[in-house]
Undergrad: 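Here's a structure for you.
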Amino acid sequence: MRRDHVDPVPAGPRVPADAWAKPVGSAITLDPLTDDAAYRKAFFSTFSSATPENELKWEVVEPRRGDFAFARGDAVIDAARAAGARVRGHPLVWDLQLPGWVGEADPDDLESILRTHVETLARRYRGRVAQWDVVNEPLDEDGSMTENVFFAAMGEGYIDLAFEAARRADPKAERFLNEISAERGDKADALVALVRRLRGRGVPIDGVGIQNHTTARGFPTRAELARLMRRLAPLKVEITEMDVVVERPGQDPAPAWRAAAEACAAAPNCTGLSVWGVTDEFSWKGPEQAATLFDTEGRAKPALDAVRSALRQNR
Ligand code: XIL
């Protein structure tokens, strides 16, 4: 364990437990949470769930084999919990933001490497992380299994192994598979088929994350999202990483947000909706894409009202 140190994030106000009908969250990341007042205020005054944006990724948490660094993850998770937010852990196994040593490892070692990584994280955050993205983005654009380093060594069974290891280490946290660009079309079909195979093999999966990175034009409709949520039942579903790129000034992102929030509100198995980033200033898409619910100054956009009217308590 490395003795790295990070100062705690100053706490903000708590969002009342009944503010939302289902958890509504955001990805949060340490530096703006510590340094940017607008970001911190927007997060603490709005959201009831939080996902560490990068702090739990393999390259951050286990940069060298067996050498775990949790200071950044701890700081983000503790800040979220101080705010009363539920925490989504993200991700345990993913082929991106992977340190070089994993790619260079002997394939025969990968099973043990994967197990140790998953169990160490899940065990550390037991009782603090409510829901894990156990496997992130296993599918390619065309819906086939991505032939990443884990797949090359173990085939699809790497997913089974990861879910079983997560259950062993923290039986109570919910275990999700999280996927990108699978809201509709062929990749949605491939996602449903993969989940059926996993369930058929008895893999302990509780839910499916639908990222829903999208644009103000051509976003997944309420009906499309509702259909996918239905097809994934009885598993849980969350919209895990939504953002809406505004390609041209004048385009209105609110309909995209309304579609997702209404689909989630209406689906009994939809357990929450998260935005990928608090303010546009720190969005991974860049400030000019205006993809989040708060502008670069931290002012709430009308799209937040669309989410509120679908998902607030006591409608
Ligand atoms: C992104 C982060 O937002 C960026 O800061 C980082 O540089 C790359 O990853 N799908 C996921 C997220 O599951 O982890 C990704 O987050 C966005 C796409």
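The first residue of the sequence shown is numbered 1, and numbering continues consecutively from there. The basis for the numbers below is simple: all heavy atoms, side chains too, and nothing from hydrogens, waters or symmetry mates. Treat the numbers as computed from the prediction; the structure is a model and nothing was measured. Just follow the structure's listing: the first ligand is 1, and inside any ligand the first atom is 1.
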Undergrad: Among all protein heavy atoms, pick out the one at the shortest distance from atom 8 (C) of ligand 1; state its residue, atom name and that distance to 0.1 Å.
TA: Gln97 OE1, 3.4 Å
Undergrad: So is Asn178 polar-close to ligand 1, meaning N/O to N/O under 3.5 Å?
TA: no
Undergrad: Any atoms of ligand 1 less than 4.0 Å from a non-hydrogen atom of His213? List them with their elements.
TA: 18 (C)
Undergrad: Side chain or backbone of Asn54 under 4.0 Å from ligand 1, or both, or neither, by non-hydrogen atoms?
TA: side chain
Undergrad: In sequence, state the C-alpha distance, the side-chain angles, and the governing distance for Lys187 and Glu141, and then conclude on salt bridge (Lys or Arg N to Asp or Glu O under 4.0 Å).
TA: CA-CA 7 Å; Lys187 198 167 170 186; Glu141 275 167 49; over 6 Å; no
Undergrad: Taking distance alone, with N or O pairs closer than 3.5 Å, would you say Trp94 contacts ligand 1?
TA: no
Undergrad: Within a distance under 4.0 Å of any heavy atom of Glu241, pick out the atoms of ligand 1 and give their elements.
TA: 10 (N), 11 (C), 12 (C), 13 (O), 17 (C), 18 (C)
Undergrad: For atom 2 (C) of ligand 1, what's the nearest protein heavy atom and its distance?
TA: Glu53 OE2, 3.5 Å
Undergrad: Would you kindly specify which portion of Asp133 sits under 4.0 Å from ligand 1, judged on non-hydrogen atoms: side chain, backbone, both or neither?
TA: neither
Undergrad: Please report which non-hydrogen protein atom sits nearest to atom 1 (C) of ligand 1, along with the residue it belongs to and the distance in Å to one decimal place.
TA: Lys57 NZ, 3.6 Å
Undergrad: Just by distance, do the side chain of Gln251 and the backbone of Glu247 share a donor-acceptor pair under 3.5 Å?
TA: yes
Undergrad: So Asp67 and Glu62, do their side chains get closer than 4.5 Å, heavy atoms only?
TA: no
Undergrad: Exactly one of Val208, Val192, Asp189 should register a side-chain contact (heavy atoms from CB on, under 4.5 Å) with Leu228. Which one does?
TA: Val192
Undergrad: Taking the basic N atoms (NZ, or NE/NH1/NH2) and the acidic carboxylate oxygens, is any pair closer than 4.0 Å for Asp170 and Arg175?
TA: no
Undergrad: Would Gln211 and Glu183 count as having a side-chain donor-acceptor pair, cut-off 3.5 Å?
TA: no
Undergrad: Please work out which of the three classes, parallel, tilted or perpendicular, describes the rings of Tyr39 and Phe282, given edges at 30° and 60°.
TA: perpendicular
Undergrad: I'd like to check which ligand 1 atoms, numbered from 1 as shown, lie under 4.0 Å from a non-hydrogen atom of Asn136.
TA: 11 (C), 13 (O)
